[in-house]
There are 2 protein chains.
Amino acid sequence: MSIRLGILGYGNLGRGVEAAVRQNEDMELVAVFTRRDPSQLKIRTETAKAVSVKEASDWKDKIDVMVICGGSATDLPKQTPEYAKLFNVIDSFDTHAHIPEHYADVDAAAKESGKVALISCGWDPGMFSLNRLYATCILPEGRNYTFWGKGISQGHSDAVRRIPGVRDARQYTIPVESSLEKVRNGENPDLTARQMHTRECYVVLEDGADPKKVEEAIRTMPDYFSDYDTTVHFISEEELKRDHSGMPHGGFVLRSGVTGLEKEHKHLIEYKLQLDSNPEFTGSILVACARAAFRLNKEGQSGCRTLFDIPPAYLSPLTGEQLRKSIL
Amino acid sequence: MSIRLGILGYGNLGRGVEAAVRQNEDMELVAVFTRRDPSQLKIRTETAKAVSVKEASDWKDKIDVMVICGGSATDLPKQTPEYAKLFNVIDSFDTHAHIPEHYADVDAAAKESGKVALISCGWDPGMFSLNRLYATCILPEGRNYTFWGKGISQGHSDAVRRIPGVRDARQYTIPVESSLEKVRNGENPDLTARQMHTRECYVVLEDGADPKKVEEAIRTMPDYFSDYDTTVHFISEEELKRDHSGMPHGGFVLRSGVTGLEKEHKHLIEYKLQLDSNPEFTGSILVACARAAFRLNKEGQSGCRTLFDIPPAYLSPLTGEQLRKSIL
């Protein structure tokens, strides 16, 4: 029997989860929940229903795991605890600084309902976190470095779009290659924000907007751009659509450390992702995590978890025996 | 209170474990067990004792985890089940084809004694296996590639040393860069052994040995060399000692896969190790695994496990709360 999934929120991430379900034979998408009018929602899985979020509680016994595909800023802090009262839930909450609070809220809700909630299941936090953890355990004396990109940052693209005179924009975060090389050489450099990443913006102006003013507004924007070397390109709406409509991303987690009685030996652990579609890759992780949450709950567990708490084998459809034979 | 470790076997790996213990504040090395005369064994940890393996059972209540540092060919298949009757045990059993049998033997012994045994805890099997597993779960439609090196292969070096006329030798396994690039480009190539790795031998001849005969014997050796492009360098004993006495290794695990309703998006996951000292790095993994085995046993678990079964947080000295705050 398949694991029955629901998707809450049908944006890029929700559609990424939908596509991933089809690549996992033990999974079935039964419903997509929306805050919009469900009759207006065109989903691509014929056997699944579009349902209003208001009716979610009617699906309590028809869904094994609800994959919550909202945004981290305002959606997930409310949605994940709320739906953990009814379902095993998965989210990709990615505001690192607020993970402890989010964990506490979700844990309380999931313990009360006897469900399992697995949070922050993307690639950062998520797969990158796992690599930081394993590497740090293996090489206790060393330093971690995380570089993002080359890829589209939604947050930075949004920030540019909010500037008066900007019609549309995309922002690429790009790791500084020379800094990456220093880390790979075991130099353990201290790196400023500017030394780790550059930012590249592709901007479509409103008619009559002043490119100099817009560029100045971007470059000097605190937090988002002022601490970085930023390049701004003005292009047409057609060019933006043609050349920058994808959602690629990726990055690097490196740990450089030493071993030996005299700490005489250097080691480098590097994990790298190169993704054509950030939401589809994240959706694929969420689906594997849904499998783990379902199993943990079947065993009688409840409460909030992160990937740090999940035996890796729980993410796989294969048995322990198969995994030891084919992948170990 | 520290976790009290024993080391069984004081070769390169045993010494690697000893060095790693010093980098982990919650760990203490209490004894090194040897098949040799313990009075002749000079260990570098002043507070630890050198003890004959014959007296191991006297240490049943003084050691929390025994780290078994024997070879996979003949030592571990006997030692790990044997010592699992007395202790929580860790090994780095690395004969992939025999893991299922080894697991079964160790599992039976550990279940009977109520201890936890964690096997195959090196980097391959071990960290490489974890990366194959996570990547396969996330991208179910794709291919895994494992490249080793550049690094010293003990097995191949031994094979060369057994050839008549050879006094000493080191063999480096080297990944074929052009094949690595094909994988990174998402070409999903079919690769023969020859297309994945080249082999480079540094050989010291016995006086009067014929270099042509030795080279021929190396190149045509079945399994070890005949399926590879092999380069043979004849050097002096001094050169071997000066330039080839280290034990570097490393390698790459890559998974190339697709997502999307039309499978239109490519993704690449790459994990890379670059190690100055293979035994010290492996020893460092074993020590982190010892922490996990100790904790699992404290919780009342018993039987054989691999890294696939271990929640990653169990490898770390930090609490779940600390990990969520600092590493997630």
Side-chain angles (χ1 to χ4, degrees), chain A residues 16 18-20 22-24 44 96 99-100 103 120 125 127 129-134 136-141 144 184 259-261 264-277 280-281 283-285 288 291 306-313 315-316 320-321 323-325 327-328, chain B residues 16 18-20 22-24 44 96 99-100 103 120 125 127 129-134 136-141 144 184 259-261 264-277 280-281 283-285 288 291 306-313 315-316 320-321 323-325 327-328:
Chain A
E18 180 182 31
R22 300 193 183 189
Q23 294 184 299
N24 288 275
R44 278 114 127 211
H96 290 262
I99 287 173
Y103 183 92
S120 300
M127 298 313 298
S129 321
L130 281 171
N131 276 280
R132 286 188 288 261
L133 175 57
Y134 281 118
T136 305
C137 294
I138 297 172
L139 295 175
E141 294 189 52
N144 289 332
R184 288 194 182 116
T259 65
L261 288 179
E264 67 273 34
H265 291 125
K266 287 182 179 184
H267 304 275
L268 185 76
I269 304 173
E270 177 171 343
Y271 180 76
K272 177 182 165 188
L273 292 177
Q274 200 177 305
L275 314 175
D276 272 2
S277 167
E280 286 178 5
F281 189 77
S284 297
I285 301 173
R291 181 182 290 121
T306 75
L307 278 163
F308 290 171
D309 309 306
I310 309 299
L315 300 170
S316 170
E321 205 177 339
L323 291 176
R324 286 190 294 275
K325 208 172 168 178
I327 291 185
L328 192 67
Chain B
E18 180 182 29
R22 300 192 183 190
Q23 295 184 296
N24 289 275
R44 278 116 127 210
H96 290 262
I99 287 174
Y103 182 92
S120 300
M127 298 314 299
S129 322
L130 281 172
N131 276 280
R132 286 187 287 261
L133 174 56
Y134 280 120
T136 306
C137 294
I138 298 173
L139 295 175
E141 293 188 53
N144 289 332
R184 288 193 182 117
T259 64
L261 288 179
E264 67 273 34
H265 292 125
K266 286 183 177 182
H267 305 274
L268 184 77
I269 303 173
E270 177 171 344
Y271 180 75
K272 177 183 167 188
L273 293 176
Q274 199 178 306
L275 314 174
D276 271 3
S277 167
E280 288 178 5
F281 188 77
S284 298
I285 301 173
R291 182 182 290 123
T306 75
L307 278 163
F308 291 171
D309 308 307
I310 309 299
L315 300 169
S316 169
E321 204 178 339
L323 291 176
R324 287 190 293 275
K325 209 173 167 177
I327 291 184
L328 192 67

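What you see below is based on every heavy atom in this structure, not just the backbone, and it leaves out hydrogens, waters and symmetry mates. In what follows, every chain begins at residue 1, and chains take the letters A, B, ... in the order their sequences are listed.
The heavy-atom pair separating B:I327 from A:R132 by the smallest distance is O-NE, 2.9 Å. Of all heavy-atom pairs between A:Q23 and B:T259, the closest is OE1-CA, 3.9 Å. Closest non-hydrogen pair, A:A313 versus B:D309, comes out as CB-OD1, 4.4 Å.
Contacts between B:N144 and chain A at a heavy-atom distance below 4.5 Å are absent for every atom of the residue. A:L139 touches chain B through its side chain: at least one heavy atom from C-beta onward sits under 4.5 Å away, while N, CA, C and O do not. Both the backbone and the side chain of B:L261 come within contact range of chain A, judged by heavy atoms closer than 4.5 Å. Contact annotation for A:L323: both backbone and side-chain heavy atoms come within less than 4.5 Å of a heavy atom of chain B. Of the atoms belonging to B:Y271, heavy atoms from both backbone and side chain fall under 4.5 Å from chain A. Only the side chain of A:Y103 comes within less than 4.5 Å of a heavy atom in chain B; its backbone stays farther off. For B:R324, the parts sitting under 4.5 Å from any heavy atom of chain A are the backbone and the side chain alike. Interface residue B:L273: backbone and side-chain heavy atoms are both found under 4.5 Å from chain A. With a 4.5 angstrom heavy-atom cutoff, A:S277 touches chain B via backbone and side-chain atoms both.
No side-chain donor-acceptor contact under 3.5 Å links A:Q274 to the backbone of B:L268. Judged by distance alone, with hydrogens and angles left aside, the side-chain atoms of A:D276 form a donor-acceptor pair with the main-chain N or O of B:K266 at under 3.5 Å.
Comparing B:G260, B:G320, B:P311 by heavy-atom pairs within less than 4.5 Å of chain A, the highest count is held by B:P311. Among B:E141, B:R22, B:E264, the residue making the largest number of heavy-atom pairs under 4.5 Å with chain A is B:E141.
Note that the NE2 atom of A:H267 and the CG atom of B:L275 stand 6.0 Å from one another [nearest 0.5 Å]. Once rounded to the nearest 0.5 Å, the distance linking OG of A:S284 with NE2 of B:H265 reads 11.5 Å. Interatomic distance, CG of A:L130 versus CG of B:L328, reported as 8.5 Å (0.5 Å rounding).
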Could you check A:K325 against B:I99 for side-chain contact (heavy atoms from CB on, under 4.5 Å), going step by step and ending with a plain yes or no? CA-CA 7 Å; A:K325 208 172 168 178; B:I99 287 174; over 6 Å; no
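Between B:L133 and A:S316 the shortest side-chain heavy-atom distance falls below 4.5 Å. Within the 4.5 Å cutoff, side-chain heavy atoms of B:P312 are placed close to those of A:Y134. B:K272 places none of its side-chain heavy atoms less than 4.5 Å from the side chain of A:I269.
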